[in-house]
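First up is the structure itself, then whatever we jot down about it.
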Amino acid sequence: MKVISVPEYCLGCGLCEIYCAAQHDGYDGNVLKAYKRGQPTPRSGLIKFSQISWLNTCMNCDDAPCLNACISGAVKRDEDGIIYIDENRCVQCYTCVMVCPYGHAQPSSKSGRIIKCDLCRDSEGIPACVSHCPNAALKLVQGGAEQ
Amino acid sequence: MGAPLNTGFQMSTPVFKVDRDPDRCIQCGVCINQCANEVHHMDNDGWMWIEDEKCVACQRCAVLCPTRAISITDFPVIYRENSHWGSASIREIYRQAESGGVLLTGMGNPRPYKSYFDHLLLNASQVTNPSIDPLREPMELTTYLGNKGSLITETEKPFLKLKVPIMFSAMSFGSVSLNVQKSLSAAARDMGTFWNTGEGGLHPDLKEFGSCAVVQVASGRFGVHPGYLENSAAIEIKIGQGAKPGIGGHLPGEKVSEEVSLTRMIPAWSDAISPAPHHDIYSIEDLDQLIETLKVATGYRKPVAVKVAAVHNIGAIASGIVRAGADIVAIDGFRGSTGAAPMRIRDNVGIPIEIALAQVDSRLRDEGIRQQASLVAAGGIRSSADVVKAIALGADAVYIASAALVALGCHMCQMCFTGKCNWGLATTNPGLSKRLNPELGIQRAKNLLAAWGHEIQEMMGGMGINAIDSLRGNRLMLRGIGLNPQELDLLGIKSVGD
């Protein structure tokens, strides 16, 4: 599974980033609490270029370079095929940052460890970015990107 | 000659007040990037600012704000109002004294004239005849539009078959975005009804939806060519529009993008102003010729509709239109909407659709020509109850436009003419029009038609009627409440209790 953007209908509003941040780090989707009390860190970033914008997120590659390159086994794939980070194992070598063909994996400004989209695997339902996009410009589709 | 004042000073205070709750605002900037009117901005020090005077109360920021931090209210009135001079009248004079221009506006007549739909009550069966449960028994909504006099003639006349008695009214590409037309056209096709191109021609992307399109021929003749007429379900000659009877369409140059210019076959960024009259129609006889011309041009395979605004003496006008050979007469009441119209015309010209409809239906029946044309009511239909009342007053079907736009996200701010529609509807700006994803738009429009269809069936069932044909012109199903004897007479209905 992966989330894909439909730039044709992306408003560039940034709600995906906001709800992404609120869904992680224990805020449980509470935007107000995340932004007023915490240090919200979106996993996926909105890219704006002229009038076009899209969400840069994990493509869950079939043969994932980050998974292959991780020197400490922190990048893992769960039974649903979702690639996620085991934060306790991350040694901040940033090899995954360099090998990610989509420029998605990034160090957290808080902990320095890697954070990436995990398709909101800890919560029920579809990922927060998809469910909160006001224009259906994000879609959850089956399959990962081929490398 | 009027000339705009060369000063930034404005006499008027803002119309709306935008409040941001600091306890809730997370400075995410969604309001800033969503407002095409540039009401919100953040300065270099991270302060959020609001310019109330730019706000049109479209609610875009308030709806998208993830923490509900924004509320929009009327600006506290500081005008010294009295019962004759309201704040709107005063403000409009300030605006005209500054601009020297005609006041433009959008959407339908908002003035507090009597809404007759709200003074009509429906019947329901009790004891003496049974009501019908639409979930258990068949309930027919299929409607045919066209000349039904053909039953007794040798040649078969063309007609439109509607699975719900509701069509999408004319909204041209240019006045609304292509995504609006994509949404409505596909919804119309899927729901077995029709959409209307308006007078802006048919965009090449929508060619496949020609078979469920009523194509308009208006006084500007924008986008009219043989292929356009041929690729259609019906042709509509637009004589008048409820929002601006007596004047032609007005598409401000700001909305005439390259795409619009190609579809309309006019220069880009130039005002598209349709003449007030059709310059080849100065009488009923001339209308007869144009109807015949269009029928000949399409081999008598398409019904021809004539759309007029509801004005004084509409009964005689409609009679003339039917005698001129129109298969469908569309009447647009004074609540009908527009993308751009002079405010004085929109607010002061025309008559209510309810009275016009009753008058036309009665007149055509009295003259024995009602079967020669179908009647389509337009202008201010807000709900399925309005549809049922319009049909009981004599309509065969209704046109909806405002209701369809509201389904797609319109918040009725009435600023369509600026081309800065924050909901991506009444604009041709690519950055704004992409705010309507047709995938969602199609489903929303279909849901609206489906919901109204169910409600119409419920109301018909209550009346003990199982086919929409039996409701048409069935004014015994209506009673007037709070109407005087003359109004009841004009509507051809009895009073409540009678």
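Atom NE2 of B:His454 has 12 or fewer neighbouring heavy atoms from other residues, nucleotides or ligands inside a 6.0 Å radius. Counting non-hydrogen atoms of other residues, nucleotides and ligands closer than 6.0 Å to CD of A:Glu87 gives a total above 12. For NZ of B:Lys207, the number of neighbouring non-hydrogen atoms (other residues, nucleotides, ligands) closer than 6.0 Å is 12 at most. Within a 6.0 Å sphere centred on CG of B:Leu262, other residues, nucleotides and ligands contribute more than 12 heavy atoms. Few gaps surround CZ on B:Arg382; more than 12 heavy atoms of other groups in view lie less than 6.0 Å from it. Enclosure of atom CG in B:Asp45 by more than 12 non-hydrogen atoms of other residues, nucleotides or ligands within 6.0 angstrom is indicated. Crowding of B:Asp205 atom CG: a count of heavy atoms from other residues, nucleotides or ligands under 6.0 Å exceeding 12. Around NZ of B:Lys54, the count of heavy atoms belonging to other residues, nucleotides or ligands within 6.0 Å exceeds 12.
Most heavy-atom pairs under 4.5 Å with chain A: of the set B:Val63, B:Asp23, B:Ile32, this distinction falls to B:Asp23. With respect to chain A, the highest number of heavy-atom pairs below 4.5 Å among B:Arg435, B:Gln27, B:Arg68 belongs to B:Arg435. Ranked by non-hydrogen atom pairs under 4.5 Å with chain B, the options A:Gly14, A:Pro40, A:Ala136 are led by A:Ala136.
For A:Cys13 against B:Gln34, the heavy-atom pair with the smallest separation is CB-NE2, 3.4 Å. Closest non-hydrogen pair, B:Leu440 versus A:Asn135, comes out as CD1-C, 3.6 Å. Here the shortest heavy-atom pairing between B:Arg24 and A:Leu32 reads O-CD1, 3.2 Å. Between A:Glu8 and B:Lys434, the shortest heavy-atom contact is O-CB, 3.2 Å. Closest approach of B:Pro66 to A:Val31, counting heavy atoms only: CB-CG1, 4.3 Å.
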| task | Begin from the C-alpha positions of A:Lys48 and B:Asn33 and carry the test side-chain contact (heavy atoms from CB on, under 4.5 Å) through to its verdict. | result | CA-CA 12 Å; A:Lys48 288 189 182 185; B:Asn33 68 41; 3.8 Å; yes

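In this structure the side chain of A:Tyr9 reaches within 4.5 angstrom of the side chain of B:Asn179, judged on heavy atoms.
Using a distance-only test at 3.5 Å, with no hydrogens or angles considered, no donor-acceptor pair links the side chain of B:Asn437 to the main chain of A:Pro134.
Of the atoms belonging to B:Cys25, it is backbone heavy atoms, and not side-chain ones, that fall under 4.5 Å from chain A. For a residue to count as touching a neighbouring chain, one of its non-hydrogen atoms must lie under 4.5 Å from one of that chain's; by this rule A:Leu11 touches chain B with backbone and side chain alike. When heavy atoms are compared at a cutoff of 4.5 Å, B:Leu436 approaches chain A solely by way of its backbone atoms N, CA, C and O.
Taking CG of B:Leu432 as the reference point, atom CD of A:Gln51 lies at 8.0 Å (rounded to 0.5 Å).
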